[in-house]
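If you read the sequence from its start, that first residue is 1, and numbering goes on from there. Owing to the predicted nature of the structure, the values given are computational and were not obtained by experimental measurement.
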Amino acid sequence: MTIINYSAPKKLLTVARGHPYERDAFAELFTELEEFEVCHVEQPVAQQVLGPKAAKEFDAILCYDMPGVDFTDPNDPPGLVEPSATFKQDYLDMLEAGVGMVFMHHAIAGWPAWPEFAEIIGGRFHYRPAQLRGVDWPDSGYRHEVTHTVSKQIDHPVTEGIPDSFEMVDELYLCPLFADDVIPLLRSNYDYNENNFYSASRAIAGDMFSQEGWSHPAGTPFVGWVKHYGNSPIVYLQGGDDSTAMSDENFRRLVHNAVRWVSSEAAHEWAKSQ
């Protein structure tokens, strides 16, 4: 087991918005991270912050945002906005510098017009049909308030103190994941079959909870994983839709463990070794 010293003050940047979220519940997630100073920024201002300078200023960045998806487009929502070339390079330079990254829930839908962003996280949720790694995908599926059992796949600092399995209520996604490129930490017992999800595209059109005319390949039930991009250790946690999920004791511990791990020397050494 790796012993990590958390005594030194650290700084955490949290990034949100681009999707409605419960601000109080989100802020409450970090009150027990007493060794961290927490700075919060929302989109689109966050785009001015995320770059090589952030890698020097913050020990970890947690993203609960969904940039690059414009729900206000009256003609063909959602509009897909590509980030500027400057932002892309700054973001990649930030990861090359090695800042620890935690992505939560709908962050996997961010920057759909920038293919490399899916490579950074390990997959992508689609609000409209799209191509990913040369494959045509339908819009992704969602299901609110699912009671499911989460099982720990391996012992890891992110899963430390988590029972082998636990039950929680959350929103789940049916979307393409790069299963061969990640180290799975958590798996859901929910059946990731199209019959158990609803069309995201139809929901945006105002037809909530619909499967009409929609089909999607079976999904991979990973709800938490570890990977790296450049020199940055990365954790994705699929949970955290609302206050119910964010107040779950085991999910809160997962978030705390993830932030602590990606900011640790051990995590940085691991990422560099990959």
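Between the side chain of Gln211 and the backbone N or O of Asn195 there is at least one donor-acceptor pair closer than 3.5 Å. No side-chain donor-acceptor contact under 3.5 Å links Asp70 to the backbone of Pro78. The closest donor-acceptor contact from the side chain of Asp242 to the backbone of Ala245 lies under 3.5 Å. When atom types are taken as modelled, the side chain of Lys152 and the backbone of Ile162 share a donor-acceptor pair closer than 3.5 angstrom. The backbone N or O of Glu212 lies less than 3.5 Å from a partner atom in the side chain of Ser210, making a donor-acceptor pair. Looking only at distances, no side-chain donor or acceptor of Arg252 sits under 3.5 Å from a matching main-chain atom of Glu32. Formation of a donor-acceptor pair under 3.5 Å by the Ser151 side chain with backbone atoms of Ser165 is not found in this model. Here the side chain of Glu22 pairs a donor or acceptor atom with the backbone of Ser243 at under 3.5 angstrom.
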Verdict with supporting geometry, Asn250 and Met168, side chain to side chain contact (heavy atoms under 4.5 Å, CB included): CA-CA 9 Å; Asn250 290 306; Met168 69 178 295; over 6 Å; no

Working for ring pair (Phe, Tyr, Trp, His ring centres under 6.0 Å), residues Tyr229 and Tyr91: CA-CA 11 Å; Tyr229 190 99; Tyr91 204 97; 8.8 Å; no

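If you look at Tyr21 and His19, their ring centroids are not closer than 6.0 Å. Taking the six-membered ring for Trp and the full ring otherwise, the centers of Phe30 and His40 sit at least 6.0 Å from each other.
Of the residues Arg260, Met104, Met246, the one that meets the side-chain contact (heavy atoms from CB on, under 4.5 Å) test with Val255 is Met104. The only member of Tyr236, Tyr173, Tyr127, Tyr64 that meets ring pair (Phe, Tyr, Trp, His ring centres under 6.0 Å) when paired with His106 is Tyr64.
In this structure, the side chains of Pro129 and Asp139 come closer than 4.5 Å at one or more pairs of heavy atoms. Side-chain contact between His148 and Glu167 is absent, with no heavy-atom pair separated by less than 4.5 Å. Residues His216 and Trp137 have side chains in contact (heavy-atom distance under 4.5 Å, counting atoms from C-beta outward). Using a 4.5 Å heavy-atom cutoff, the side chains of Asp90 and Met94 are not in contact. Put simply, the side chain of Val235 does not reach to within 4.5 Å of the side chain of His156, judged on heavy atoms. Proximity of Pro217 to Pro176: side-chain heavy atoms (C-beta onward) are nowhere separated by under 4.5 Å. The side-chain heavy atoms of Phe197 and Tyr192, taken from C-beta on, include a pair separated by under 4.5 Å.
Cluster membership for Trp225 and Phe117, using ILVMFWY side-chain heavy atoms within less than 4.5 angstrom, is shared.
A side-chain N or O of Ser263 and one of Lys10 form a donor-acceptor pair less than 3.5 Å apart.
Pairs of residues two or more places apart, or lying in two chains, that qualify as salt bridge (Lys or Arg N to Asp or Glu O under 4.0 Å) and include a residue from residues 40-62 are Lys11-Glu57, Arg17-Glu42, Arg23-Glu42.
Aromatic ring pairs are classed by plane angle as parallel below 30°, tilted from 30° to 60° and perpendicular above 60°; the pair Trp261 and Trp270 is tilted.
We find the CD1-CG distance between Ile121 and Asp181 to be 13.5 Å, quoted to the nearest 0.5 Å.
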